[in-house]
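Accompanying notes for the structure given below.
FYI, the numbering just counts along the sequence from 1.
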Amino acid sequence: MYEDRLTDTASTRVVRTAEFDLLRSLTQEPGSEGRLIAVLGEPGSGKTHLLSALVRERQWTALPATVYRCSSRDRERAMNAVRKLLWRARRAGEHEGGDRPVIGLARRRHRPDRELVVIEDAHLADDQTIGELVGIAGGDPAPLVDVIVSLRPRQTPDRLAEAVSVTTAFGRTVRIELGPLDDEQMLAMSPVPAPYELRHRSGGNPFNLRALQALEHSARSGGDGALAPYEFAVMSEVRDLALTERYALHAAAILRSRFDADLLAEVAELDPLVASAALRRLVRRDLVRVEPIGTLFSIRDEVFGTLLRQMIDPCWAALAHQRALHRLSARGQAGTQIGFHLVSSLSRARASELAQIVDASQEIMETDVSECVSWLTPVLGEAPPSTEIGARARLALSTAFGRLGRMAESRDLLFVVHESGAAVDPAALAEQVAFVSVVEGVLSQDVQTLDLLGDLLRRPDLRDSPVWPRLVLARGFRVSMLGRTAGRAETEPALRAARAAGDDPVAAGLLGLGALASVAAGNVDRALAEADAAAESLDRTPEHLMARHIECLLLAGLAYIYLGRGADAQRQVGRGVEIARRRRRPFLLPTLLVLLSEAERHLGRLRQARDAADAAIVESDAGNPLRHAQAVALKSAAEVWMQPPGSGRAKSLAQQALAQQALTGAHVNGSASIAALTLARCAWLDGDPAHCVTLLLNEGRGADMRVIPSGSRLTIWETLCAAGMDAGMPLDDWARRAQEHARAVPVPPNLAYAAMTRGHLLRVQGSPGEAVRCYREAADLFASVGMPVEQSYALGQAARALGEQGRAEQAAHTVRLAAEIARRSEAVTLLDWLGRRTGGPPAAPAPQPGTRQEVFGRLEVFGRLTHREREIALLICSGMKRRDIADRLTISMRTVDVHLTRIYRKTGVSSRMELALAIQRKTAGQEYATRF
């Protein structure tokens, strides 16, 4: 069968832990009556593996368990062992009594543990056994054993499926469905990390994933040894087919998907009536499936069909492909329908056929890159690179390899075409060079194509070509990924050319490059205008076009990150992640997920930031060590504020990221500085500020932090000042550098961190009152760009300064506000720091979320406001200034101030931050109150 036998899989790790725990609890519940437990799953979903783990555990604990496997060959027997077993169990239930001994699996009622019967592939049992199982499902009478049956949903007899469904609804039977495995489970079950493409093609099916890995290994090594177990599994499932059924199944494997009965009959060379009858039997066996719409059929799944084709006689298969090709061509099918048959029946190198294959592969590349690779690979052996068709095939295959992240192969093909002197379209070659260069930048790999990219940019015949802006974008993207900014002398003419050509995605990417350059130059207003223009252009670009230029979303998101606009960055990058997954662009996922984690962390969504970093770790593990180190560092940066105090998780992750970064020998992506900052914060939070300072100065190679990426310097200077203040060190130099940097790049986060350093310096100089004003200014700036964790931290420092002045009541009020903000971000470590550094618990216990007391308390605050006051309150909490609110509502600033005074008096709050919390509470409370 498709799954391995129990004894073969018992030692394999269980990844379906939730289902395993449920099975274990069900079969160990106290009681005298057993029940039927149905485990349903597609072929290869891991039913046998799951049940083997359960049986093995029971054997270790000396609990009884009996296992049987049904097969179609048992149907001829009048009474098989399974039915006898079930019959004895039911008879024991009918004739139970006191201390009377029973036979088989029946036993005395007082025995503390029930026995277990596992029936594998119960859908293949004969009619009488199915009847016994239906009786057990209905409890007629209740058995004295637990009976677990594994079933395939499509092959389960109707009366058993109905009995399980009905009795499950009434709580008599338990139904456990095994859905597809998620990415984490797929990686846990595989000894070799599986790339995204294989995980996607497997559909979350364990058997399919392992088989695909074996097929890939076989293709690379040229040996078939790794395929033997999977071919044997398929052979076991089809070995009892009749001859006509076998021919029909082989024809179905050749046709693969969406074929009708007449086409199958022609390819199999069977009479149409015979083919139809065989097709019906194959559908009942779940070897062929009916398409949801129309009267079309498909082989069960891609992996099953691929393994089956490995075992078909190659001469018969080649002729079958030719028959399919002839018939599909006569029907006028598209190139994507006949490309597979063209490749499989290719016996003579005819230019027309090779051209058809290349054209078909380019059509299918958008939906199935792996299929495209398999079609193009044999063409390379038939057409040398110096020919036009050979060059086209190699450029197409270079694109396919690039989309799979196989950059060495992609680059090699590109340089082969470049050096061959083939009469290839210069624009097509330039487009491919731009694509490969972008992929290199996304993967943080070497720069082998940069020189070729520069050569093409210097060609005068390409200057007026539509591909020229794409080349400029590619080079600018590469420069940005290396931590530098692209010059405007080239990007601005390219932007005009892209707009003139109506190439919105490329124009948006060039605007993103311009925004990054403006940020670096300190021109924040221009940077915001360019980033917003890029976002507007990207928003109106449809997905199928955006899929070709996802790096433009990445550039827009990066610009918004530098500008402190986390919500906008999260929206752009989140869209990129969704498109990359739907359109199967796995090479983009690590970089996009890393940037998504950064955006989520800026927004104070620490759990989401950690999850995005985890996903980036999964996607980058196979072949992108730089992004992997960066993802681990970002996970540590989220954990440093949300880990339980004293857990050490953040420190361990940061050390791991630094070790990986040291192995790569590159520091352009900032992971080393992120990890070093995490380690330093851990040391500071653990009460060792001197070590914190040492770590940061070592990482920055001095106080100027020149080796640290520009976007991280102010955070490090602020941490240096905070730790230096606690350690009694001079802060003047660090605070001065922070304020100079903030003036050079005056985005709100930079200004906020600079205000924090001024506050630290003023406290050291004995001016806690001035320090409080700086901390509150920083908290307001952090709030204006939606950075709640930093806002809470700034308020915590303000509370410490208030305490130093003896203003205990104000300090306690500020701490409660900071603690409430930290709770919303699940910043457990920050809450602990607030309690320790401010001399007491951060806040009194609040009403539990969702209680009526809490809900109506929230509603009461907002309900005191008039309609106009509510409108102004919402606008002021969204970050708008008073003048902007006056212009929007066409009222005077004086009127806005009057309304704000009334709002603060009615709600009892004294600042914009407290008002924002009251508004958020009201919104959450209203959402809950609608449920009453």
Side-chain angles (χ1 to χ4, degrees), residues 44 180 183 186-187 190 192-222 224 226-227 230 253-258 298-310 321 334-344 346 357-381 393-410 412-413 435-436 439 443 547-548 579-590 619 622-624:
D183 275 344
M186 297 282 271
L187 290 169
S190 178
V192 179
Y196 174 83
E197 183 67 17
L198 291 188
R199 299 200 307 274
H200 177 85
R201 289 172 60 197
S202 71
N205 186 295
F207 179 91
N208 287 355
L209 178 65
R210 290 193 176 112
L212 285 169
Q213 288 178 304
L215 284 164
E216 189 175 71
H217 179 268
S218 176
R220 290 176 181 266
S221 65
D224 295 335
L227 282 177
Y230 307 99
I254 294 294
L255 292 168
R256 302 196 302 175
S257 64
R258 300 187 62 80
S298 296
I299 197 72
R300 182 166 71 200
D301 59 57
E302 174 198 348
V303 176
F304 175 72
T306 302
L307 292 170
L308 192 59
R309 285 193 296 274
Q310 299 281 325
H321 279 294
T336 54
Q337 300 293 322
I338 64 176
F340 173 66
H341 302 295
L342 275 169
V343 174
S344 302
L346 193 61
I357 293 172
V358 174
D359 292 340
S361 67
Q362 289 176 325
E363 290 180 33
I364 204 173
M365 192 182 299
E366 293 298 321
T367 56
D368 194 339
V369 183
S370 297
E371 182 86 339
C372 174
V373 170
S374 69
W375 289 7
L376 288 170
T377 301
V379 177
L380 268 59
R394 283 164 176 80
L395 287 178
L397 190 55
S398 175
T399 302
F401 280 144
R403 290 186 177 182
L404 292 173
R406 294 163 61 174
M407 288 312 303
E409 295 159 286
S410 180
D412 289 347
L413 288 170
F435 169 76
V436 172
V439 177
L443 297 177
R548 301 175 186 173
I579 293 175
R581 282 181 168 147
R582 279 197 297 266
R583 298 284 175 165
R584 300 172 73 171
R585 304 289 192 273
F587 69 91
L588 287 161
L589 283 173
E619 299 301 342
N624 194 342

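- Side chains of Glu371 and Phe340 form a contact here, defined as non-hydrogen atoms less than 4.5 Å apart.
- A side-chain donor-acceptor contact under 3.5 Å links Arg585 to the backbone of Arg583.
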Give the C-alpha distance, both sets of side-chain angles, the deciding distance and a yes or no for side-chain hydrogen bond (donor to acceptor under 3.5 Å, both in side chains) between Arg199 and Ser202.
-> CA-CA 5 Å; Arg199 299 200 307 274; Ser202 71; over 6 Å; no

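- With sequence neighbours left out, Glu216 forms a side chain to side chain contact (heavy atoms under 4.5 Å, CB included) with Leu198, Arg220.
- The side chain to side chain donor-acceptor pair (under 3.5 Å) search around Glu302 returns Arg201, not counting sequence neighbours.
- Contacts of Val369 classified as side chain to side chain contact (heavy atoms under 4.5 Å, CB included), with partners at least two apart in sequence or in another chain: Ala400, Arg403, Leu404.
- Under the 3.5 Å distance criterion, the side-chain polar atoms of Ser218 are left unmatched by any main-chain donor or acceptor of Ala214.
- Within the model, atoms CD of Glu619 and CZ of Phe587 stand 13.0 Å from one another, a figure rounded to the nearest 0.5 Å.
- Distance check: Asn205 CG to Met186 CE gives 7.5 Å after rounding to the nearest 0.5 Å.
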Show the numbers, then the answer: is there a side chain to side chain contact (heavy atoms under 4.5 Å, CB included) between Glu409 and Leu397?
-> CA-CA 9 Å; Glu409 295 159 286; Leu397 190 55; over 6 Å; no

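- A donor-acceptor pair under 3.5 Å links the side-chain atoms of Ser361 to the main chain of Val358, judged by distance alone.
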Check the pair Leu342, His321 against side chain to side chain contact (heavy atoms under 4.5 Å, CB included), reporting the backbone distance first and the verdict last.
-> CA-CA 8 Å; Leu342 275 169; His321 279 294; over 6 Å; no

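- With sequence neighbours excluded, the residues forming a side chain to side chain donor-acceptor pair (under 3.5 Å) with Ser398 are Ser410, Gln432, listed by chain and number.
- Residues Tyr230 and Phe207 come closest through the heavy atom pair CD2-CE1, 3.7 Å.
- Taking each heavy atom of Ala396 and Gln362 in turn, the nearest pair found is CB-NE2, 3.9 Å.
- For Ser374, there are no side chain to side chain donor-acceptor pair (under 3.5 Å) partners at least two apart in sequence or on another chain.
- Of all heavy-atom pairs between Trp375 and Ile357, the closest is O-CG2, 3.5 Å.
- Contact detail for Leu308 and Ala253: the closest heavy-atom pair is CD2-CB, 3.7 Å.
- In terms of heavy-atom proximity, Leu380 sits nearest to Arg394 at O-NH2, 3.2 Å.
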Criterion side chain to side chain contact (heavy atoms under 4.5 Å, CB included) on Leu413 and Leu395, from CA distance to verdict = CA-CA 7 Å; Leu413 288 170; Leu395 287 178; over 6 Å; no

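- In this view, Asp412 satisfies the side chain to side chain donor-acceptor pair (under 3.5 Å) rule with no residue, not counting sequence neighbours.
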Can you list the steps and then say if Met365 with Thr399 is a side chain to side chain contact (heavy atoms under 4.5 Å, CB included)?
-> CA-CA 9 Å; Met365 192 182 299; Thr399 302; 3.5 Å; yes

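- The nearest pair of heavy atoms linking Gly305 to Ile299 is CA-CG1, 4.1 Å.
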